[in-house]
Amino acid sequence: MAILVYIEHAGGKVKKTSLEAVSFANALAAKTNEGEVVAVALGAIGDDELASVGSAGAAKVLHASDDRLSAGVIQAHASAVAQAFEKVGAKTVVLAKSSLGDAVAARLAIKIKAGLVSNVVELPDTSSGYQVKRSIYTGKAFAMTAVETENKILAIKKNAVDLKTDGAPASVESFEVSLADSDFASKITSIEQATGEILLPEADIVVSGGRGMKGPENWGMIEDLAKTLGAATGCSKPVSDIGWRPHHEHVGQTGVKVAPTLYVAIGISGAIQHLAGVNSSKYIVVINKDPEAPFFKAADYGIVGDAFEVVPKLNEALKAEL
C-alpha cells in the first residue's frame with residue numbers, strides 16, 4: 001500500500017507546488033500508516049530531477065516517459081495516473097491544486113471512484129471518520145469536508161504546508177502505461193505562455209504596482225526591486241485595463257490568483273477583487289502614501305510614504321544585504 005502523488009513539471013524542473021504535495025503525503029503516510037509515498041511523473045523530464053523528489057519525502061518515482069504525455073493532455077494524464085494508482089495499491093492520491101491538477105483530479109475521481117477535496121490546508125482529522133479542512137471563499141473562510149469513499153483525492157493549496165527538504169534521493173522506475181486513442185480525443189494545438197524570468201503562478205515572491213505608479217514609464221523601479229528579490233512582477237486591474245502593463249500581469253480575483261510567500265503591493269489601494277486574488281499570500285507588505293488605503297488592513301507590514309522615495313531606498317538597502 002502507498003500514497004500516490006501526481007507530479008507536475010515545467011522546463012525540466014519539478015514544480016515547487018508538487019514538492020509541497022509530496023511533503024504533505026509524507027506527513028499523511030506517517031499519520032495514517034498508508035505505507036510509502038510514491039510519485040508519478042509523466043512525459044519528458046530527467047531521472048536526476050525526479051530523484052530529487054525524494055528530498056520532499058517520496059521513496060520512489062514512477063516515470064511514464066511516453067512523449068505524448070509531455071503536452072499535458074488532461075484525459076491522457078488522468079488515465080496514466082489511474083494506472084499508477086492501481087499499480088501501487090494506493091487508496092489516496094495527493095496533488096497540487098493548479099489549473100492542470102484540478103482538471104486531472106476531476107477526471108481521475110471518476111475513474112477510481114474517489115472522493116475529491118480541493119484547496120486542502122491541513123492533514124485530515126481521522127479521529128472520527130475522515131474530515132478534511134479546506135480553504136473557501138478565496139481564503140476568507142475554512143470548511144470541514146467529510147470524505148466517505150474508500151479512495152480519496154486531496155488537492156493541496158499552495159504554501160499551505162511546510163516543504164520537507166531532508167529526504168534521501170528517490171528511486172526512479174520506468175512505468176509503462178496503456179493509452180487509448182480516446183485519451184487523445186482532444187489535442188493542445190498551441191500554447192501562449194506569459195514571458196518573464198519568473199512567472200506569476202509559480203513565484204515565491206511577487207512585486208506588484210498600481211495606479212500610484214502614475215504611468216508605465218515609472219515601472220523600472222518595480223522591475224528593479226523584483227530583480228533584487230528574485231520576484232515576479234504583477235499589477236492591479238486598472239493598470240492592465242489602461243494598458244500600462246500586459247494583462248497576464250493582472251493580479252486579482254478576475255486575473256491571476258497568487259499565493260506567494262511574500263507579496264509586495266506598491267501604490268495599490270486594495271480593492272476587494274485585488275485582495276481576493278492575493279489573500280493567500282503568507283506575508284503582505286504594502287507601500288502607499290495614503291494611510292487610509294484599505295490594503296493596510298490586510299497587510300502584515302505597511303509603509304506609509306511616497307513610493308518614489310521609499311522603493312529606491314528599499315531596493316538599495318536590500319542590495320546591500322543580499
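Once rounded to the nearest 0.5 Å, the distance linking OH of Tyr263 with CG of Leu275 reads 9.0 Å. Here Ile74 contributes atom CD1 and Phe184 contributes atom CZ; the two are 12.5 Å apart, rounded to the nearest 0.5 Å. Between the NE2 atom in His63 and the OG atom in Ser174 there is a gap of 8.0 Å [rounded to 0.5 Å].
Residues Ile188 and Ala71 come closest through the heavy atom pair CD1-O, 3.0 Å. Between Val258 and Ser280, the shortest heavy-atom contact is O-CB, 4.3 Å. Closest heavy-atom contact between Arg134 and Ser118: CB-O, 3.3 Å. Across all non-hydrogen atoms, the minimal contact from Ser79 to Asp183 is OG-OD1, 2.7 Å. Shortest non-hydrogen contact noted between Ala51 and Val172 is N-CG2, 3.8 Å. In terms of heavy-atom proximity, Ser186 sits nearest to Val73 at O-CG1, 3.6 Å.
With sequence neighbours excluded, the residues satisfying side-chain hydrogen bond (donor to acceptor under 3.5 Å, both in side chains) with Ser135 are Lys157. Applying the salt bridge (charged side-chain N to carboxylate O under 4.0 Å, His left out) rule to Glu34 yields no partners; only residues at least two apart in sequence or on another chain are considered. Contacts of Asp290 classified as side-chain hydrogen bond (donor to acceptor under 3.5 Å, both in side chains), with partners at least two apart in sequence or in another chain: none.
Ile205 and Leu318 end up in the same hydrophobic cluster when Ile, Leu, Val, Met, Phe, Trp and Tyr side chains are linked at under 4.5 Å. Cluster annotation: Leu108 and Leu4 are assigned to the same hydrophobic cluster (Ile/Leu/Val/Met/Phe/Trp/Tyr, side-chain heavy-atom contacts under 4.5 Å, transitive). A continuous path of ILVMFWY side-chain contacts below 4.5 Å connects Val207 to Trp244, so both sit in one hydrophobic cluster. Val278 and Val121 fall into different hydrophobic clusters, where Ile, Leu, Val, Met, Phe, Trp and Tyr side chains are chained together by heavy-atom contacts under 4.5 Å. Note: the hydrophobic cluster containing Val94 does not contain Leu100 (ILVMFWY, side chain heavy atoms under 4.5 Å, direct or indirect links).
Side-chain atoms of Glu173 do not come within 3.5 Å of backbone N or O of Lys60 as any donor-acceptor pair. Side chain of His77 to backbone of Leu69: a donor-acceptor contact under 3.5 angstrom is found. Put simply, the side chain of Thr32 gets close to the backbone of Leu28: a donor and an acceptor are under 3.5 Å apart. Listed for the Lys152 side chain is a donor-acceptor partner under 3.5 Å among the backbone atoms of Thr149. Remark: side-chain polar atoms of His9 are not paired, donor with acceptor, to backbone N or O of Glu49 under 3.5 angstrom. In this structure, Ser70 contributes its side chain and Ala44 its backbone to a donor-acceptor pair below 3.5 Å. Side chain of Asn151 to main chain of Ile112: a donor-acceptor pair is present (N/O by atom type, distance under 3.5 Å, no hydrogens or angles). Asn288 contributes no side-chain N or O that, together with a main-chain N or O of Ala293, makes up a donor-acceptor pair within less than 3.5 Å. Within the 3.5 Å criterion, the main-chain N or O of Val239 finds no donor-acceptor partner in the side chain of His250.
Dense packing is recorded around CD of Glu217, with more than 12 heavy atoms of other residues, nucleotides or ligands lying under 6.0 Å away. With a 6.0 Å radius and a threshold of 12 heavy atoms from other residues, nucleotides or ligands, Arg68 has its CZ atom above the threshold. Applying the 6.0 Å contact sphere to NZ of Lys97 captures more than 12 heavy atoms from other residues, nucleotides or ligands. The number of heavy-atom neighbours closer than 6.0 Å to CD of Gln273, taken from other residues, nucleotides and ligands shown, is above 12.
For Ser182 and Gln75, the side-chain atoms include no donor-acceptor pair closer than 3.5 Å. For the residue pair Tyr283/Thr261, the side-chain donor-acceptor check at 3.5 Å is not satisfied. Side chains of Ser98 and Glu8: a donor on one and an acceptor on the other come within 3.5 Å. Residues Asp125 and Ser127 have side chains that bring a donor and an acceptor to within less than 3.5 angstrom of each other.
Contact annotation: the side chain of Val161 never approaches that of Val120 to less than 4.5 Å [non-hydrogen atoms, C-beta and beyond]. Contact annotation: the side chain of Ile7 approaches that of Val22 to within less than 4.5 Å [non-hydrogen atoms, C-beta and beyond]. Residues His274 and Gln253 fail the side-chain proximity criterion, which asks for heavy atoms closer than 4.5 Å. Between Ile266 and Val311, some side-chain heavy-atom pair lies under the 4.5 Å cut-off. Side-chain contact between Val206 and Val264 is absent, with no heavy-atom pair separated by less than 4.5 Å.
Ion pairing between a basic and an acidic side chain is recognised when a charged N comes within 4.0 Å of a carboxylate O; Asp166 and Lys164 show such pairing. The pair Lys158-Glu20 fails the salt-bridge criterion, with no side-chain N (NZ, NE, NH1 or NH2) lying under 4.0 Å from an Asp/Glu carboxylate O. A salt bridge links Glu223 to Arg245: at least one charged side-chain nitrogen sits closer than 4.0 Å to a carboxylate oxygen.
Cys235 pairs in a side-chain contact (heavy atoms from CB on, under 4.5 Å) with only one of the listed residues (Ser208, Ser240, Pro216), which is Ser240.
A cation-pi arrangement is absent between Lys87 and Phe175 under the rule of less than 6.0 angstrom and at most 45 degrees off the ring axis.
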